[in-house]
S.K.: 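One structure coming up, written as structure tokens, with questions to follow.
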Amino acid sequence: MNAVPRIAHLDADAFFVAVEQAIDPSLRGKKVAVGGRTRGIISSASYEARACGVYTPMPSSRALAVCPDLILVPHRSGAYGKVSHQLFDLCETLTPVVERRSIDEGYLDLTPCAHKTPEIATAAVKALQRRIWDELAISVSFGLASNKLVAGIASKLNKPRGFTVVEPGGEAAFLAALKIGRLPGVGTKTEAEFNKRGIRLVSDLLALSDDELAALLGRGWRETVASARGIDDSPVETSETDAKSYSTQETFGEDIADRDRIERELKRMIDELIPKIRADGKRARTMTVKVRYPGMEDSSAAHSIAEASDLETDFYPQVAPLMRAAWKLRRPLRLVSVKFSGIEYPNGQLHMFAADEDRRHKLAAALDSLREKKGAGVVLRGHQLQRPPPPR
């Protein structure tokens, strides 16, 4: 019985553009890119746009020059994180051992699936690829191999919608025929230097003697040669980086008892945390306010709203009552903090106030974009304005 390839590498095809096309199917098959129109850069380009000369991270102005009919879509705050989470949730229906390497790339260890033949393993991953398309309308490519290194290289060979299998034992032969630039760590400049020395394929590198390799690559030559032969024993890491809560705190330079100042500070923390939650495509249900007295005693109070939200204005009304509930002793405070928990992803369901919420989200996205381009101080809310001192 042939050995079964146990590692799959998922690489989404032009992920940000794919999400935009899933939201607006009329963009499919067109020259589309995600990026800022004026002083921005291209963060994702459709394969049609790439064929026209658009690439990442090309300046948007240059992209429009080389491809005048390019459809340039602004970055959609929060949407990509949400779809990424759904994408890897689907992967975990196949195996619990999933490494979320980035927003659009990850590894799956198929060992727990106990597939008995290469054909069964291949069919299972292909079924996952179809399910991702059917449920999310997102195109992904897969590489299937005995280790992460080879699977990662394989997934990028036949994009979009690629599916490349490297049978165990065939790693070195598979890599030998590839351009040297396919190896991890070999960038454009390094590849050009290799090419000058007649090293164009991985097999050209392996044809050199140990002395030649050491002179060419330096002290790390053995690691490079191991990669060129498809040797890799790194495990699939399943540590979850998805935040379960968001928090921040402020320690005052001197103990304070000014209620107005404390309320402004708590609202500033909301202004700091909620955009992060929004950018991750999530919403929060529970806000906790904690205070600390000079003697290091802590006290806190929490409140959960009826529907999880990613809008600052839904949490401002909770500041005053939570502060009163937490600040029981009414002594000067050393520290205050805000934490958001009950983190979840939007369920997509509409409700009677959907139109108003949509307008508020558009306004929030516009403000996020302004602050990203011009700086955090370009737009201020009322509580962010420092009140003048009272007249003497």
S.K.: Please list, chain by chain and in numerical order, all residues satisfying salt bridge (charged side-chain N to carboxylate O under 4.0 Å, His left out) with Asp89, sequence neighbours excluded.
M.R.: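 By the salt bridge (charged side-chain N to carboxylate O under 4.0 Å, His left out) rule, Asp89 matches Arg100.
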S.K.: Can you tell me which residue pairs pass the ring pair (Phe, Tyr, Trp, His ring centres under 6.0 Å) test with a partner in residues 89-121, sequence neighbours excluded?
M.R.: His9-Tyr107
S.K.: Is Phe142 linked to Ile7 within one hydrophobic cluster, defined over Ile, Leu, Val, Met, Phe, Trp and Tyr using a side-chain heavy-atom separation of less than 4.5 Å?
M.R.: no
S.K.: Mark yes or no for whether Ser341, through its side chain, and Ser245, through its backbone, hold a donor-acceptor pair below 3.5 Å.
M.R.: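 Not at all, since once roles are kept as given, no pair shorter than 3.5 Å links the two residues.
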S.K.: Can you tell me how far the NZ atom of Lys82 sits from the CZ atom of Arg283, to the nearest 0.5 Å?
M.R.: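 So the gap between those two atoms works out to 8.0 Å.
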S.K.: Would you say the side chain of Leu128 lies within less than 4.5 Å of the side chain of Leu108, judging by non-hydrogen atoms?
M.R.: yes
S.K.: Report the residue from Leu10, Val98, Ile132, Asp134 that forms a side chain to side chain contact (heavy atoms under 4.5 Å, CB included) with Leu90.
M.R.: Ile132
S.K.: Just verifying a value: how many Å separate Leu273 CG and Tyr246 OH, rounded to the nearest 0.5 Å?
M.R.: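 Reported to 0.5 Å precision, the distance equals 9.5 Å.
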S.K.: Could you list all the salt bridge (Lys or Arg N to Asp or Glu O under 4.0 Å) pairs where at least one residue sits in residues 45-54, not counting sequence neighbours?
M.R.: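 Residue pairs passing salt bridge (Lys or Arg N to Asp or Glu O under 4.0 Å), neighbours aside: none found.
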S.K.: So, using side chain to side chain donor-acceptor pair (under 3.5 Å) as the criterion, who are the partners of Lys159 when residues are at least two apart?
M.R.: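 Side chain to side chain donor-acceptor pair (under 3.5 Å) check on Lys159 returns Asp13.
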S.K.: Tell me every residue that passes salt bridge (charged side-chain N to carboxylate O under 4.0 Å, His left out) with Asp69, counting only those two or more places apart in sequence or in another chain.
M.R.: Lys31
S.K.: Under a 4.5 Å side-chain heavy-atom rule over Ile, Leu, Val, Met, Phe, Trp and Tyr, are Leu213 and Leu206 clustered together?
M.R.: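 Same cluster: Leu213 reaches Leu206 through Ile, Leu, Val, Met, Phe, Trp or Tyr contacts under 4.5 Å.
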S.K.: Could you tell me which non-hydrogen atom of Thr56 sits nearest to which non-hydrogen atom of Ala45, and how far apart they are?
M.R.: CG2-N, 4.4 Å
S.K.: Take Gln86 and Ile138 through the side-chain contact (heavy atoms from CB on, under 4.5 Å) test and state the conclusion after the steps.
M.R.: CA-CA 11 Å; Gln86 295 170 330; Ile138 297 295; over 6 Å; no
S.K.: Between Arg324 and Glu263, is the salt bridge (Lys or Arg N to Asp or Glu O under 4.0 Å) condition met? List the steps.
M.R.: CA-CA 10 Å; Arg324 285 195 300 270; Glu263 284 196 19; 5.7 Å; no
S.K.: Tell me, please, which residues at least two apart from Arg334 pass salt bridge (charged side-chain N to carboxylate O under 4.0 Å, His left out).
M.R.: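 Arg334 satisfies salt bridge (charged side-chain N to carboxylate O under 4.0 Å, His left out) with no other residue.
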S.K.: Quick one about Ser102 and Asp104 (side-chain donor to acceptor, distance below 3.5 Å, no hydrogens or angles considered), yes or no?
M.R.: yes
S.K.: Applying side-chain contact (heavy atoms from CB on, under 4.5 Å) to Ile120 and Val4, what does each step give before you reach the verdict?
M.R.: CA-CA 9 Å; Ile120 294 175; Val4 178; over 6 Å; no
S.K.: Please answer: with hydrophobic residues joined when any side-chain heavy atoms are less than 4.5 Å apart, are Leu201 and Val225 in the same cluster?
M.R.: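 Hydrophobic grouping puts Leu201 apart from Val225.
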S.K.: Can you list, pair by pair, the side-chain donor-acceptor contacts under 3.5 Å of residues 163-184, counting residues two or more places apart and other chains?
M.R.:
| from | atom 1 | to | atom 2 | distance (Å) |
| --- | --- | --- | --- | --- |
| Thr164 | OG1 | Ala154 | O | 3.4 |
| Thr164 | OG1 | Asn158 | ND2 | 2.7 |
| Glu171 | OE1 | Gly169 | N | 3.1 |
| Glu171 | OE2 | Ser146 | OG | 2.5 |
| Glu171 | OE2 | Gly169 | N | 3.2 |

S.K.: Is there a side-chain contact (heavy atoms from CB on, under 4.5 Å) between Arg331 and Glu297 once you walk through the steps?
M.R.: CA-CA 11 Å; Arg331 300 204 314 259; Glu297 313 100 310; 3.1 Å; yes
S.K.: Which residues pass the side chain to side chain donor-acceptor pair (under 3.5 Å) test with Asp255, not counting sequence neighbours?
M.R.: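 Side chain to side chain donor-acceptor pair (under 3.5 Å) list for Asp255, sorted by chain: empty.
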S.K.: Identify, with sequence neighbours excluded, every residue that meets side chain to side chain contact (heavy atoms under 4.5 Å, CB included) alongside Glu272.
M.R.: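 Side chain to side chain contact (heavy atoms under 4.5 Å, CB included) check on Glu272 returns Thr248, Arg268, Lys276.
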S.K.: Can you sort out the partners of Phe340 under ring-ring contact (aromatic ring centres under 6.0 Å, His included), two or more places apart, ordered by chain and number?
M.R.: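 Result, ring-ring contact (aromatic ring centres under 6.0 Å, His included) vs Phe340: Phe315.
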S.K.: Is there a donor-acceptor pair closer than 3.5 Å between any side-chain N or O of Asn195 and the backbone N or O of Ile199?
M.R.: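 Checked: pair present.
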S.K.: Would you call Lys148-Asp232 a salt bridge at under 4.0 Å N-O?
M.R.: no
S.K.: To the nearest 0.5 Å, what is the distance between CD (Glu92) and OG1 (Thr238)?
M.R.: 9.0 Å
S.K.: Under 3.5 Å, is there a donor on one side chain and an acceptor on the other for Thr286 and Ser304?
M.R.: yes
S.K.: How many angstroms lie between atom CD of Glu312 and atom CD1 of Ile274, to the nearest 0.5 angstrom?
M.R.: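 Between atom CD of Glu312 and atom CD1 of Ile274 there are 6.0 Å.
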S.K.: Look only at the side chain of Asp24 and the backbone of Gln21, and say whether a donor-acceptor pair between them is shorter than 3.5 Å.
M.R.: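 Flag not set: sc Asp24 to bb Gln21 has no pair under 3.5 Å.
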S.K.: Tell me every residue that passes side chain to side chain donor-acceptor pair (under 3.5 Å) with Glu135, counting only those two or more places apart in sequence or in another chain.
M.R.: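 Testing Glu135 for side chain to side chain donor-acceptor pair (under 3.5 Å), a comparison that skips the adjacent residues, returns Arg131.
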S.K.: At their closest point, which heavy atom of Ala8 faces which heavy atom of Ala151, and how far apart are they?
M.R.: C-CB, 4.5 Å
S.K.: Is a donor on one side and an acceptor on the other found under 3.5 Å between the side chain of Ser337 and the backbone of Gln249?
M.R.: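 No; judged by distance alone, with no hydrogens or angles, the pair does not exist.
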S.K.: The test is side-chain contact (heavy atoms from CB on, under 4.5 Å); show your working for Arg101 and Glu237 and say whether it passes.
M.R.: CA-CA 9 Å; Arg101 185 76 172 184; Glu237 304 284 354; over 6 Å; no
S.K.: Is Ser227 reaching over with its side chain to a backbone N or O of Glu223, donor-acceptor style, under 3.5 angstrom?
M.R.: yes
S.K.: Looking only at heavy atoms, what is the nearest atom pair of Tyr293 and Lys328, with distance?
M.R.: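 Here Tyr293 and Lys328 meet closest at OH-N, 3.3 Å.
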S.K.: Sequence neighbours excluded, which residues qualify as salt bridge (charged side-chain N to carboxylate O under 4.0 Å, His left out) partners of Arg28?
M.R.: none
S.K.: Asp109 side chain to Pro235 main-chain N or O, any donor-acceptor pair under 3.5 Å?
M.R.: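 Answer holds: no.
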S.K.: Side chains of Asp211 and Ser209: is there a donor and an acceptor less than 3.5 Å apart?
M.R.: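 No - no donor-acceptor pair under 3.5 Å links their side chains.
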S.K.: Would you call Arg292 and Glu250 a salt bridge, using N to O less than 4.0 angstrom?
M.R.: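 No, no charged N to carboxylate O under 4.0 Å.
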S.K.: Can you tell me how far apart CD (Gln318) and CG (Leu266) are? Round to the nearest 0.5 Å.
M.R.: 12.5 Å
S.K.: Would you say Ile42 and Tyr47 are hydrophobically clustered, going by side-chain heavy atoms of ILVMFWY under 4.5 Å?
M.R.: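 Each belongs to a different hydrophobic cluster.
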S.K.: Please report the shortest heavy-atom distance between Gly143 and Ser155, naming the atom on each side.
M.R.: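 Of all heavy-atom pairs spanning Gly143 and Ser155, the closest is N-CB, 3.3 Å.
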S.K.: Please tell me whether Glu20 and Tyr80 have a donor and an acceptor in their side chains that are separated by less than 3.5 angstrom.
M.R.: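 Yes - a donor-acceptor pair under 3.5 Å links their side chains.
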S.K.: Tell me whether Trp133 is reachable from Val19 by hopping between hydrophobic residues (I, L, V, M, F, W, Y) whose side-chain heavy atoms are closer than 4.5 Å.
M.R.: no
S.K.: Considering non-hydrogen atoms only, spot the tightest contact between Ile343 and Ala284 and give its length.
M.R.: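 In terms of heavy atoms, the two residues are closest at CD1-CB, 3.8 Å.
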S.K.: May I ask you to test the Val336-Val289 pair for a side-chain heavy-atom distance under 4.5 Å?
M.R.: no
S.K.: Starting at OG of Ser309, measure out to CZ of Arg285 and round the result to the nearest 0.5 Å.
M.R.: 10.5 Å
S.K.: Judged by atom type as modelled, is there a donor-acceptor pair below 3.5 Å linking the side chain of Ser247 to the main-chain atoms of Lys339?
M.R.: no
S.K.: Which atoms form the tightest heavy-atom contact between Thr95 and Cys113, and what is the distance?
M.R.: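 So the two residues come closest at CB-SG, 3.9 Å.
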